[in-house]
J.: 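One structure coming up, written as structure tokens, with questions to follow.
Letters go in sequence order (proteins before strands), and every chain restarts at 1. It should be emphasised that the depicted structure is a prediction, and the values quoted were computed from it without experimental measurement.
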Number of protein chains: 2
Amino acid sequence: MTTAPDAGTTEPAHAAEVRVGLDALLDFTAAVFRHHGLPQDRATTAARALVHGDLTGVTSHGLTNLTRLYLKLFADGRCDPAAEPEVLADQGAAVLLDSHKALGLWAASEAVDLAAGRALEYGVGLVTVRGATHLGCAGAHAKRAADRGMICLLVSNCGQQRIIRPPGGRAAMLGTNPLAFATPAGPRPPFVLDMSTTVVPTGRVRGAARAGKDIPEGWLEDAEGRPVTDPDALDRGDGYLKWLGGDPETGAFKGYGLGLLVETLGAMLPGAGLGPEPEAWSGSGSPSGQDDNIGFTVLVIAPAELRRKDEFEAQAAGLFDALTGSPAVREDRPVRYPGWFEGERATEYEKSGVPLSAALYEELRQVAAERGLTAPAALDD
Amino acid sequence: MTTAPDAGTTEPAHAAEVRVGLDALLDFTAAVFRHHGLPQDRATTAARALVHGDLTGVTSHGLTNLTRLYLKLFADGRCDPAAEPEVLADQGAAVLLDSHKALGLWAASEAVDLAAGRALEYGVGLVTVRGATHLGCAGAHAKRAADRGMICLLVSNCGQQRIIRPPGGRAAMLGTNPLAFATPAGPRPPFVLDMSTTVVPTGRVRGAARAGKDIPEGWLEDAEGRPVTDPDALDRGDGYLKWLGGDPETGAFKGYGLGLLVETLGAMLPGAGLGPEPEAWSGSGSPSGQDDNIGFTVLVIAPAELRRKDEFEAQAAGLFDALTGSPAVREDRPVRYPGWFEGERATEYEKSGVPLSAALYEELRQVAAERGLTAPAALDD
């Protein structure tokens, strides 16, 4: 059992795995980003956000996306590594930015830090961004604020990408629209919720397809709403991802509503690309857009500007003490919360090295070789 | 099919129903609140929030709660109708209030209006409240901001009430923790999401129990996680409400995480009562707390302070046009969004009168008689 909301992406590889020191992995990843034109400080920030996936066991959003996603964005000109984000409006506590296709892995952390700065001044800070690119693990960015004793909500749409159908609809209109939330939890790892608003993200389905495994009922449905257990149906176009909540009588409209919350707060607010556009189904445009012109919104709250810091911290510690100390159904599976296992893994891997599958390690060695960079050394067992 | 997230609470009564004019119903409800010590303006605001349930078809959160909930709070001294909320901190864009047990039906609308005022100045406004009482339909309050062209998020915990067990836990630790979100949708009714973070709210289960009907699998589970279809199991203590997402493999940790998001943002931030407290399971306190010292947090964003109002409005109209115009699986069931049906019903009932069950109408007549007030007149058919 794992407390990760998208449970199952979070199990580290066990077979044929290589361990690499965290610092070496961060340095290498930053070097790759620098090679592609990112300034040093941005490269360092982006590397930390990307390696966060491997460091916390959320491998579906870690270095495996370096070649599959980010290097392709550079190659296709869909991401501008040297873009200067532009301030379109600044009301003190709230800022609207055009990211101009800057690397989302960096821009989202930067937005959290900007919002945190405003929160220290006004109690709350909001940064809303258009023209963004894929930001990786939303939770990695949100956690930056929690590490500073603050509360953070981060929502991002998927640009004009359309994967999920509204309930009762025949046409895909929305993306998997992630939502992340982080708060301090006293001396324990921060509470970090990082979830798609669908039952599972697409990566879980494609992972099962690559592994040749059936998926459980409840993840995909066919055009008539019947369960689909063949994961290949997703990319074949005859299996549709379900909203969190599953069927209408068990809360599908809540999942759909949360997806729309993310679409409107994350992308309609800043004026980014939207999934639901008339071109989506009128035949005048692409039937399924790309994840360009992503929108995201970051909210940071500074509790210590509103109430005594020690009292807030004591209450946070008490809340998560009470939860994790409460009686469990199985003694060997204590009650936890989202972010706990990820925090425990990060602590372990910082000491013992970050586990990478042999295939991923080989991929990184190739990335290094092709760019004249030094691959990160594998640790001896 | 309904687009309401907590689908099923939203079907208006059909049998033995009485229609009452909206203004008469509002005046009567405000008179009852005035009779119990609310100042005139608060009584008017609270009446609108309560009648919102009946006006939009969310009857589980409408006037049926007048005798069951609010009049009891007054009688028990758990709500102070004349309380003066106290500003504990004011950072400009963010305000911390102690509500001192003021009526939540009024205080939550007041908090939305205060946050909206700050948003006009700073782009974003946040009001976080401790010492609150039950606030009714969270969506009724959030919609106030959307009606003014703004975006609103409202989350509220259930005080120290404990109904739901964390996944893998044996003890109930959290409430059904509602979350509401509202945005303008162009000329259409605003998008209003109003949901508990469980599969269904307790009222749905108790409604089935009163009607003598079984509930679908997926709402309740027994101590070992097996489905329970007997609604009486909830109050008997051997049926446990499930989180949105249902089982761990279909997203229960997301529902749990959203419940914790509401608990921390809604109640840990302002320092209100919490479900997860050491007393919850240590035997030193009540095994199931009351919904006293509720915490709630309101966020309002003013898009027109950040970008051109006409462009924002056009994009909002386009988004909801695209959604509702997209092809439906069944031609007679077009694609809608949360808030659409509620908005349509309100428009109809404002003209034709608000439908009340005969039992509820009789209840209101008794409330009037006991207080020497005039009951609202039933409209002729």
J.: Quick one: what part of A/Leu179 sits under 4.5 Å from any heavy atom of chain B, side chain, backbone, both or neither?
T.: side chain
J.: With a 4.5 angstrom heavy-atom cut-off, is it the side chain or the backbone of A/Glu217 that approaches chain B, or both, or neither?
T.: backbone
J.: Under the side-chain hydrogen bond (donor to acceptor under 3.5 Å, both in side chains) test, which residues partner B/Glu313, sequence neighbours left out?
T.: B/Lys309
J.: Let me know if A/Ile151 has heavy atoms under 4.5 Å from chain B in its side chain, its backbone, both or neither.
T.: side chain
J.: Measure A/Glu311 against the heavy atoms of chain B and call it side chain, backbone, both or neither at under 4.5 Å.
T.: neither
J.: side-chain hydrogen bond (donor to acceptor under 3.5 Å, both in side chains) with B/Arg170: which residues, sequence neighbours excluded?
T.: none
J.: Please flag which part of A/Ala272 lies under 4.5 Å from any non-hydrogen atom of chain B: side chain, backbone, both or neither.
T.: backbone
J.: So what's closer than 4.5 Å to chain B heavy atoms on A/Thr250: side chain, backbone, both or neither?
T.: both
J.: Does one side chain, of B/Lys254 or A/Ser196, offer a donor that lies under 3.5 Å from an acceptor on the other?
T.: yes
J.: Tell me whether the NZ or CZ atom of B/Arg165 lies within the 45° cone about the ring axis of B/Tyr240 and under 6.0 Å from its centre.
T.: yes
J.: Does any backbone or side-chain atom of A/Leu274 lie under 4.5 Å from a heavy atom of chain B? Answer side chain, backbone, both or neither.
T.: side chain
J.: By a 4.5 Å heavy-atom criterion (distance strictly below it), what part of A/Leu153 contacts chain B: side chain, backbone, both, or neither?
T.: side chain
